[in-house]
Asker: 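Supplied in structure tokens, the structure appears directly below.
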Amino acid sequence: MIIIDYKDRRPIYEQVEERFQDLILKGGLKPQEQLPSVRNLAIELSINPNTIQRAYMELERKGFIYTVKGRGSFISDTEHLLDVKKNEIIEDLHLFLKEAKDLGIGKEQIISEIEEVYKEG
């Protein structure tokens, strides 16, 4: 479920947080599903429990998960988060397309690349 890249310069908690965000937004983890306990995930990944705790705290702060005292951490309803992420992607895409246009990349080439990506599935 979670793979740590020790060559990545980012802190491990950020990698854990990002992987959970991806799993949640792409439907790999469903709303109300319980996350592994901090201790169990730390053992599974062979990392310090404080690292997992920090990742969980960030996920909770950003609204991806919620904690029930004495029961654990659970996936939040992500409908709103998914909409926010889609809007971020659209904004980034708009900026990217403006830059491509400024560099002389034609509309036909952009459309061709988009079709190629969507063909790949």
Asker: Which residue pairs satisfy the side-chain hydrogen bond (donor to acceptor under 3.5 Å, both in side chains) criterion with at least one member in residues 69-82, sequence neighbours excluded?
Answerer: Thr67-Ser73
Asker: For the residue pair Gly72 and Gln34, what are the closest heavy atoms and their distance?
Answerer: CA-NE2, 3.9 Å
Asker: In this structure, would Ile105 and Ile114 fall into the same cluster of hydrophobic residues linked by side-chain contacts under 4.5 Å?
Answerer: yes
Asker: With Glu18, which residues qualify under side-chain contact (heavy atoms from CB on, under 4.5 Å), at least two apart?
Answerer: Arg10, Asp22
Asker: Could you tell me whether the side chain of Gln15 reaches within less than 4.5 Å of the side chain of Arg19, counting heavy atoms only?
Answerer: no
Asker: Is Tyr66 linked to Met57 within one hydrophobic cluster, defined over Ile, Leu, Val, Met, Phe, Trp and Tyr using a side-chain heavy-atom separation of less than 4.5 Å?
Answerer: no
Asker: Are any of the side-chain heavy atoms of Ile75 and Gln32 separated by less than 4.5 Å?
Answerer: no
Asker: If you define the side chain from C-beta out and look only at heavy atoms, does anything of Lys62 sit under 4.5 Å from Gln21?
Answerer: yes
Asker: Shared ILVMFWY cluster between Ile110 and Tyr118, side chains joined below 4.5 angstrom?
Answerer: yes
Asker: Give the C-alpha distance, both sets of side-chain angles, the deciding distance and a yes or no for salt bridge (charged side-chain N to carboxylate O under 4.0 Å, His left out) between Lys30 and Glu33.
Answerer: CA-CA 6 Å; Lys30 305 288 184 209; Glu33 189 174 332; over 6 Å; no
Asker: Check whether any side-chain heavy atom of Phe74 lies under 4.5 Å from a side-chain heavy atom of Leu35, and answer yes or no.
Answerer: no
Asker: Give, for atom OH of Tyr13 and atom CD of Gln53, the distance between the pair rounded to the nearest 0.5 Å.
Answerer: 13.5 Å
Asker: Quick check: do Leu45 and Ile3 have side-chain heavy atoms less than 4.5 Å from each other?
Answerer: no
Asker: Are any of the side-chain heavy atoms of Ser37 and Tyr56 separated by less than 4.5 Å?
Answerer: no
Asker: I'd like to know if Ile43 and Ile52 are part of one continuous hydrophobic network [Ile/Leu/Val/Met/Phe/Trp/Tyr, side-chain heavy atoms within less than 4.5 Å].
Answerer: no
Asker: May I ask you to decide whether Arg61 forms a salt bridge with Glu58, counting only side-chain N to carboxylate O separations under 4.0 Å?
Answerer: yes
Asker: About how many Å separate CG of Leu59 and CD1 of Ile24, when rounded to the nearest 0.5 Å?
Answerer: 6.0 Å
Asker: Just wondering, do Ile4 and Ile2 contact through their side chains at under 4.5 Å, heavy atoms?
Answerer: yes
Asker: When you compare the side chain of Phe20 with that of Ile65, does any pair of heavy atoms fall below 4.5 Å?
Answerer: no
Asker: Are Leu25 and Val16 linked, directly or through other ILVMFWY residues, by side chains that come within less than 4.5 angstrom of each other?
Answerer: yes
Asker: If the test is side-chain contact (heavy atoms from CB on, under 4.5 Å), which one of Asp5, Asn48, Thr51 qualifies with Ile12?
Answerer: Thr51
